[in-house]
Amino acid sequence: MNSKPTTIKFLHPGSERKLTPTEITNKIANWNTGDHNRKYLEVKGEYLTSLNSAIKSETIGFWGEWEAESHIIKTLIPNHSTLPHYVHQPILPSTTPKSRGTRFLNTDPCVFGSNFLYSNCKQSMRSLQNLDIGDVIIFGSQKQGVFVVDTVFVVGNIIKFNRRNLQATIGDKVEGWFYHLTLNLLAGSHTLYIGATYNNPVNGIFSFFPCVPSSQYPNGFSLPRTLQAYNTGQSRGIRYRNLGSPNVEWSNVVNDVLNSGLCLGIKAII
C-alpha cells in the first residue's frame, strides 16, 4: 500500500450474537442474516503462553467471527457485560446458502483452518485491497470506551480475485468449506489475504488471536484492551496513519494480551 510497512487498526462490530428462543431451544444458531457480530467459540486449537513457550494443544475458547451455523454447547450467566452468554462450536457448511431476498453473512476474517484469511470486509476502501506482505491488521472493537482486540492478522500471501474466477485464481489454496462460508457469497473484485503463521512467519511475526484453555476458563474471558494511545472513541472504520511499524505494534498487542493473563491462539481446528 505504501513504500513502508503498514499497520491497520480495523474496527468491526463487537457485540455478542443474540439468539432467538427457537435457537436456544434447538441448541443451533442459524446462519446469520442480520448484522455482523462475535461469538464465543470453543474448538481444538494450538496456543502459546509466551513468545518463547512450546506450542500447547487442547480445547481453547476465544472470541471470533463465525456467521454460519453453530452448535450452542453451553449457556452461561455472566457476571460482567463483557463476558459471554453462550459458547458456540462451529458447524462446517457443506453448501452455500441461498434464498431469494435473504442476505447470508460471510465470515471475515476467518481464523479457522490452515491459515487465517481476510477476504472482503471494508475493501471498498482501496487501501484495504492493496496491502503488502508483512503488513499487520489489528481487528477489534470499541467497548466501554476502549479498543479491544480479537484478531491480529499478519499478511503472508496475497491473491486478487473476482466472483467469476474464484477457482482459477484461488483453487485449493483455501479449504473447500471456505468457498461456502465466504467466497461464494461475494460479488465483485476483492483481495484474499492469507495470514502468516507461527511456523511460517513474516519478518519474525505471525497471526494470532487472544484465547484461553477452556478447562481453566469455563466461563470465558473479556477481550483485552490494546493500542490505547490511539484511542479516539472511533467505533467503525480503519486507521493507519500515525501508527507505529507492524513489528512495533504487533509486539505491543502481544504484550497487552499476555499481560491480561491470556494466551496467543495460533490455530483453530474444525
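Starting from 1, each residue takes its place in the sequence as its number. No hydrogens, no waters, no symmetry mates; every other heavy atom, side chains included, goes into these values. Since the structure is predicted, the reported quantities are computational estimates derived from the model, not experimental observations.
Under the 6.0 Å distance and 45° angle rule, Lys9 does not count as a cation-pi partner of Tyr240.
Only one option out of Asn106, Thr96, Thr107 pairs with Leu181 in a side chain to side chain contact (heavy atoms under 4.5 Å, CB included); it is Thr107. Only one option out of Phe10, Tyr118, Phe116 pairs with Tyr193 in a ring pair (Phe, Tyr, Trp, His ring centres under 6.0 Å); it is Tyr118. In summary, of the residues considered (Glu58, Lys74, Lys44, Glu42), a side chain to side chain contact (heavy atoms under 4.5 Å, CB included) with Ser214 occurs for Glu42 alone.
Looking at Pro109 and Phe139, their side chains come closer than 4.5 Å, going by heavy atoms from C-beta outward. Between Cys263 and Pro213 the shortest side-chain heavy-atom distance falls below 4.5 Å. Annotation: side chain of Thr49 is in contact with side chain of Lys56 (closest heavy-atom distance under 4.5 Å). Residues Phe161 and Thr191 have side chains not in contact (no heavy-atom distance under 4.5 Å, counting atoms from C-beta outward). Side-chain atoms of Val149 and Leu223, non-hydrogen and from C-beta on, never get closer than 4.5 Å to each other. Within the 4.5 Å cutoff, no side-chain heavy atoms of Thr33 are placed close to those of Arg103. Within the 4.5 Å cutoff, no side-chain heavy atoms of Ile72 are placed close to those of Val87. Within the 4.5 Å cutoff, side-chain heavy atoms of Leu192 are placed close to those of Val174.
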Show the numbers, then the answer: is there a side-chain contact (heavy atoms from CB on, under 4.5 Å) between Leu83 and Asn219?
CA-CA 8 Å; Leu83 291 172; Asn219 296 318; 5.8 Å; no

Determine, step by step, whether Ile266 and Ser207 satisfy the side-chain contact (heavy atoms from CB on, under 4.5 Å) criterion, reporting the C-alpha distance in whole Å, the side-chain angles of both residues, the deciding distance to 0.1 Å, and the verdict.
CA-CA 7 Å; Ile266 56 175; Ser207 306; over 6 Å; no

Do Glu249 and Asn252 pass the side chain to side chain donor-acceptor pair (under 3.5 Å) test, and can you show the C-alpha distance, the side-chain angles, and the key distance before you say yes or no?
CA-CA 5 Å; Glu249 300 299 4; Asn252 287 336; 3.0 Å; yes

Set out, in order, the CA-CA distance, both residues' side-chain angles and the distance that settles side-chain contact (heavy atoms from CB on, under 4.5 Å) for Ile194 and Ile159, then state yes or no.
CA-CA 8 Å; Ile194 300 176; Ile159 303 173; 4.0 Å; yes

May I have the step-by-step check of side-chain contact (heavy atoms from CB on, under 4.5 Å) for Phe62 and Leu262, ending in yes or no?
CA-CA 10 Å; Phe62 62 96; Leu262 307 175; over 6 Å; no

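A distance of 9.5 Å separates CD1 of Ile8 from CE of Met125, quoted to the nearest 0.5 Å. To the nearest 0.5 angstrom, Ile91 atom CD1 is 9.5 Å from Asn30 atom CG. Taking CD of Glu69 as the start and CG of Asn32 as the end, the distance is 11.5 Å to the nearest 0.5 Å.
Checked against a 6.0 Å centroid threshold, the rings of Phe206 and Trp250 count as neighbours. Ring centroids of His88 and Tyr40 are separated by 6.0 Å or more, keeping the two rings apart. Here the two rings, on Phe208 and Tyr198, have centers that are 6.0 Å apart or farther. Taking the six-membered ring wherever Trp is involved, the centroid distance between the rings of Phe209 and Trp63 does not fall below 6.0 Å.
Formation of a donor-acceptor pair under 3.5 Å by the Asn79 side chain with backbone atoms of Ile77 is not found in this model. Checking side-chain atoms of Thr182 against main-chain N and O of Phe178 turns up no donor-acceptor pair under 3.5 Å. Of the possible donor and acceptor atoms, none in the side chain of Asp172 sits under 3.5 Å from a partner among the backbone N and O of Glu175. Of the possible donor and acceptor atoms, one in the side chain of Lys143 sits under 3.5 Å from a partner among the backbone N and O of Gly14. Within the 3.5 Å criterion, the main-chain N or O of Ser251 finds a donor-acceptor partner in the side chain of Asn255. The backbone N or O of His180 lies less than 3.5 Å from no partner atom in the side chain of Trp177, so there is not a single donor-acceptor pair. At distances below 3.5 Å, not a single donor-acceptor pair connects side-chain atoms of Gln89 with backbone N or O atoms of Ser70. Checked by atom type and distance alone, the side chain of Asn162 pairs as donor or acceptor with a backbone atom of Asn165 at under 3.5 Å. No side-chain donor-acceptor contact under 3.5 Å links Thr7 to the backbone of Leu243. Formation of a donor-acceptor pair under 3.5 Å by the Asn203 side chain with backbone atoms of Gly134 is not found in this model.
Looking at His190 and Gln129, their side chains never bring a donor and an acceptor atom within 3.5 Å of each other. Between the side chains of Lys160 and Ser189, no donor-acceptor pair is found at a separation under 3.5 Å. Judged purely by distance below 3.5 Å, without hydrogens or angles, the side chains of Asp108 and Ser119 pair a donor atom with an acceptor atom.
The two atoms that bring Cys121 and Leu128 nearest to each other are O-CD1, 4.0 Å, heavy atoms only. Here the shortest heavy-atom pairing between Leu258 and Ser50 reads CD1-CA, 4.1 Å. Shown here for Ser15 and Asn37, the closest heavy-atom pair between the two residues is O-CB, 3.1 Å. Lys39 approaches Ala68 most closely through the heavy-atom pair NZ-O, 3.1 Å. Taking both residues in full, the closest heavy atoms of Ser222 and Thr82 are given as OG-OG1, 2.6 Å, listed atom of the first, atom of the second, then distance. Smallest separation of non-hydrogen atoms from Tyr47 and Cys211: CB-SG, 3.7 Å.
Taken together through direct or relayed side-chain contacts under 4.5 Å among Ile, Leu, Val, Met, Phe, Trp and Tyr, Val152 and Val248 form parts of separate hydrophobic clusters. In the hydrophobic clustering of this structure, Ile28 does not group with Val43; members are Ile, Leu, Val, Met, Phe, Trp, Tyr whose side-chain heavy atoms approach within less than 4.5 Å, directly or through other members. Following chains of ILVMFWY side-chain contacts shorter than 4.5 Å, one cannot reach Phe104 starting from Leu166, and the two form parts of different hydrophobic clusters. Put simply, Ile269 and Val212 are part of two different groups of oily side chains (I, L, V, M, F, W, Y) that touch within less than 4.5 Å, one to the next. Clustering ILVMFWY residues whenever any of their side-chain heavy atoms sit less than 4.5 angstrom apart, transitively, puts Leu105 in a cluster other than the one holding Tyr179.
Of the charged side-chain nitrogens involved, at least one lies within less than 4.0 Å of a carboxylate oxygen, so that Glu23 and Arg17 count as a salt-bridged pair. Salt bridge Glu65/Arg38: present, at least one basic N to carboxylate O contact under 4.0 Å.
Heavy atoms of other residues, nucleotides or ligands lying less than 6.0 angstrom from CZ of Arg163 number more than 12.
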